[in-house]
Every structure is written in structure tokens, then in C-alpha cells.
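Down below is the structure, laid out as C-alpha cells.
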Amino acid sequence: MSAPAKPAPLTNEEKRWRLVEVVMRRYGFSGDALIEALHAVQETYGFIDEESMRKVAVALNLPLSKVYGVATFYHFFHLKPKGRHTCVVCMGTACYIKGADAIMQKLAAEFGIKDGETTPDDHLSVMTARCVGSCGLAPAIVLDQQVLGHIGPDQIVQHIKELES
Amino acid sequence: MTPATTAKVITLTIDDREVGAREDQTILQIARENGIRIPTLCFLEGLSPAGACRLCLVEIIGTGRVLPACTTYAAEGMKVRTTSEALEAHRRTVLELLFAEGNHVCAVCVSNGNCELQDLATKLGVDHITLPYLNPVHAVDASHPRFILDPNRCVLCARCVRVCDEIEGAHTWDIMGRGIDARIIADLNQPWGEAASCTSCGKCVQVCPTGALVEKGRAVAEMKKRHALPQLITRNKEHAS
């Protein structure tokens with residue numbers, strides 16, 4: 001008698017989804033853990049696509065519209081893929097007074113993208129935050145998880161151009 | 001048979017009138033029981049209160065705060081004022097904001113004459129809008145075979161969301177985004193006709209206070225709605241007992 005067939009190895013996609021499932025299981029597939037599940041999706045895939053939202057809704061037994069509503073309510077969640085580099089411009093009061101608006105204008109002029117947009121070559125995404133908690137460094141930006149303070153529009157453009165593609 | 005309630009009986013003052021109530025009642029419920037009118041828009045008997053429209057704001061004397069009557073529970077010795085110059089001005093501003101942020105053109109609306117927003121504006125004396133109109137651009141969704149969603153006339157009261165979730169149990173509707181970008185969506189922001197969870201029961205259309213959700217084939221001022229759905233009345237009775 002032949003041994004039972006080995007289960008097919010997991011595809012990369014299945015492995016990735018397992019990472020999300022681990023988080024959902026930790027919270028007992030409770031609907032209250034929707035935000036944690038969406039965080040897990042974004043961490044694993046870089047953004048939240050429709051397919052993932054459907055799968056999360058089924059797994060947590062939640063209505064589709066609720067999942068979509070929560071995913072769009074929080075600025076942190078992205079429904080479109082981000083670029084390889086991200087530049088978060090702080091729009092908090094201190095940074096705003098110190099010229100965050102001028103930074104946004106400069107970025108728009110230089111790279112042709114506004115808040116929440118990504119360059120066509122997927123190089124850079126520009127986002128805004130209400131406050132990154134570094135008011136003493138105003139105006140501050142967060143370039144690829146690194147906070148840069150006391151920084152002018154021209155310096156920022158220079159920093160971004162120095163990033164490898 | 002009314003089961004015994006464990007809620008404490010309290011006394012409070014609404015508009016200088018002493019009224020008795022249970023402590024598990026909201027100010028709005030107590031006011032209505034005692035014939036005191038408080039304007040509401042998002043509130044609908046039989047649905048959970050949302051506190052979204054801020055039209056039922058009342059003054060709680062001594063706290064210096066205004067709170068929505070539909071979600072605020074009564075307390076012993078509370079002194080409530082339901083009308084004052086400040087409250088009236090406040091309510092008019094709320095209505096003006098609703099008019100300014102949508103495209104509410106009564107003259108061409110199927111709900112003209114049967115619209116709660118229109119009625120409130122008439123009652124509260126909003127005869128012109130002092131705020132600049134935003135004139136947003138919203139596409140009308142007529143993909144459903146029987147109904148139409150016109151976001152231009154939506155006031156985001158979330159009655160449709162609640163009736164779909166709490167009564168029909170489908171939860172096809174929800175609100176996406178936040179602030180000025182908030183919108184009513186079906187399933188994953190799909191055309192209504194493609195939303196698989198919709199049962200086409202039409203309750204959302206009946207409870208919608210404006211012409212945002214309407215039946216197809218209605219001409220101007222022809223859309224009359226039945227806000228008092230039997231399911232809502234039954235549920236309300238169960239809730240009260």
C-alpha cells in the first residue's frame with residue numbers, strides 16, 4: 001500500500017495569509033479584533049486590498065461594509081500599494097506653523113504627487129500625519145521610519161533624491 | 001404583562017417642569033413621554049440611538065455643557081433645558097451645515113414635501129444658508145433594480161446603516177471615510193446592485209429622512225415614506241417592556 005500523499009507545499013500566498021491568520025487566532029477570531037487583523041494585513045502585504053478585506057470579513061464574521069468602513073476611517077490604513085519609500089509630512093500645529101504647507105507644495109512641484117499619492121514609478125509615497133509627537137523638531141517629516149527635524153523643503157527633496165531606488 | 005424593572009425611579013426637571021422617569025431612560029424618551037418636543041433627525045424610534053445629527057442637543061444646567069438628548073441618560077436632580085436662544089442658533093447652524101455640505105435642491109427632489117430635513121428647516125426657521133455651499137460632486141447609484149441611492153441628498157444620519165444591521169440583519173450599508181469625505185457605501189464600496197448582502201427589503205429606503213434613498217420611478221415630490229415600519233414598532237415595544 002502506498003503511503004498517503006503528502007499535502008502540497010504551501011504557496012507563498014498561503015504562507016503570507018497564515019501570518020494574518022495567526023493574529024486573528026490570537027484574538028479568538030473575535031470581530032472586536034478587526035483593527036488588529038487589518039494591521040496584520042497591512043504589515044504582511046504593505047496595503048489592504050479587496051481580496052484581503054473579504055477574507056478578513058469571512059474569518060471574523062463581520063459585514064463587508066463594516067470592514068471597508070473601518071479600513072477607510074483610519075488614515076494609517078492604505079487601500080493602494082505604497083511606493084518603495086514613504087515620506088510622512090507632519091501637519092501638527094507646530095509643524096504647520098513652521099511651514100509644513102510649503103513642504104507639501106515643494107513635494108508636489110518636485111515629484112508631482114499630493115497627500116496619499118505615489119509616483120508612477122512606485123519610488124515615493126507622500127503622506128501626512130496629524131502629529132508625529134516631535135513638535136520640538138518642527139517642521140518634521142518621517143522618511144522611511146526615520147524622523148528628520150528642523151528641515152526645509154529643499155533639504156527634504158535632496159534627502160529623497162539620495163535614497164536608492 | 002410588564003416584567004418588573006430594576007431601574008431606579010428618579011425625578012428631574014425638564015424646562016422647569018418636574019418629571020418622573022426611570023434612570024435607564026434617555027432625556028429624549030422622557031421628554032417625549034411628557035409631551036416636550038425636541039427636534040431630531042438621526043433618531044428613529046425602534047433603532048439604536050446614534051447621536052450623529054446633533055439636533056437634539058439640550059443644555060444640562062450646572063454643567064455648562066450641551067449634550068444630545070437621544071444618547072444622554074437621565075440622572076436624579078438633573079436640570080435640562082430643551083430650548084434657548086443659544087440652542088436654537090446651534091440647531092439652525094447644524095441644519096445650515098447639512099445643507100451646505102450636500103446638494104439639497106428641494107425643487108427637483110422626489111422627496112419634496114415629504115422630507116425630514118426640509119420639515120426641520122421650516123420648523124426651525126432656516127430660510128437661507130449663510131455658509132458657503134461646498135457643491136460636492138457625487139455620482140448617483142441607480143444600479144439596484146428597485147431603488148436609487150443619491151449621495152447628494154444624504155445627511156449621514158446612518159438610519160439606513162442601523163435598520164439594515166439591527167432589523168434586517170444584512171448590514172449591507174455602512175459609512176466609509178471620515179469627516180467631509182464620509183459616505184454611505186454598500187458592501188466593499190460597490191454599486192448597490194452588485195452588493196451580494198443586500199436582500200432588497202427596502203427598509204433603508206423607508207427610514208431615510210431625505211431623498212437619498214428612494215424607490216425608482218418616482219417623480220418630483222412623489223416619494224412618500226413609511227418611517228414607522230411594523231418591525232420598528234414591535235422592537236420598540238419589546239425594548240420598552
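Residue numbering restarts at 1 for every chain, and letters A, B, ... go by the order of the sequence lines.
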#### Entry: Basic-acidic side-chain contact under 4.0 Å: A:K161, A:E110
yes

### Task
Output yes when B:E116 and B:R159 qualify as a salt bridge under the 4.0 Å nitrogen-oxygen rule, no when they do not.
yes

### Query
Is the closest basic N to carboxylate O distance between A:E51 and A:R54 below 4.0 Å?
no

### Task
Ignoring hydrogens and angles, state whether a donor on the side chain of B:S48 or B:E166 is under 3.5 Å from an acceptor on the partner side chain.
yes

### Message
Heavy-atom pairs under 4.5 Å with chain A - which of B:Q190, B:M176, B:R183, B:R178 has more of them than the others?
### Response
B:R178

### Message
Heavy-atom cut-off 4.5 Å, strictly under: side chain, backbone, both or neither for B:I175 against chain A?
### Response
backbone

### Message
Quick check on B:S197 against chain A: is it the side chain, the backbone, both or neither that has a heavy atom closer than 4.5 Å?
### Response
neither

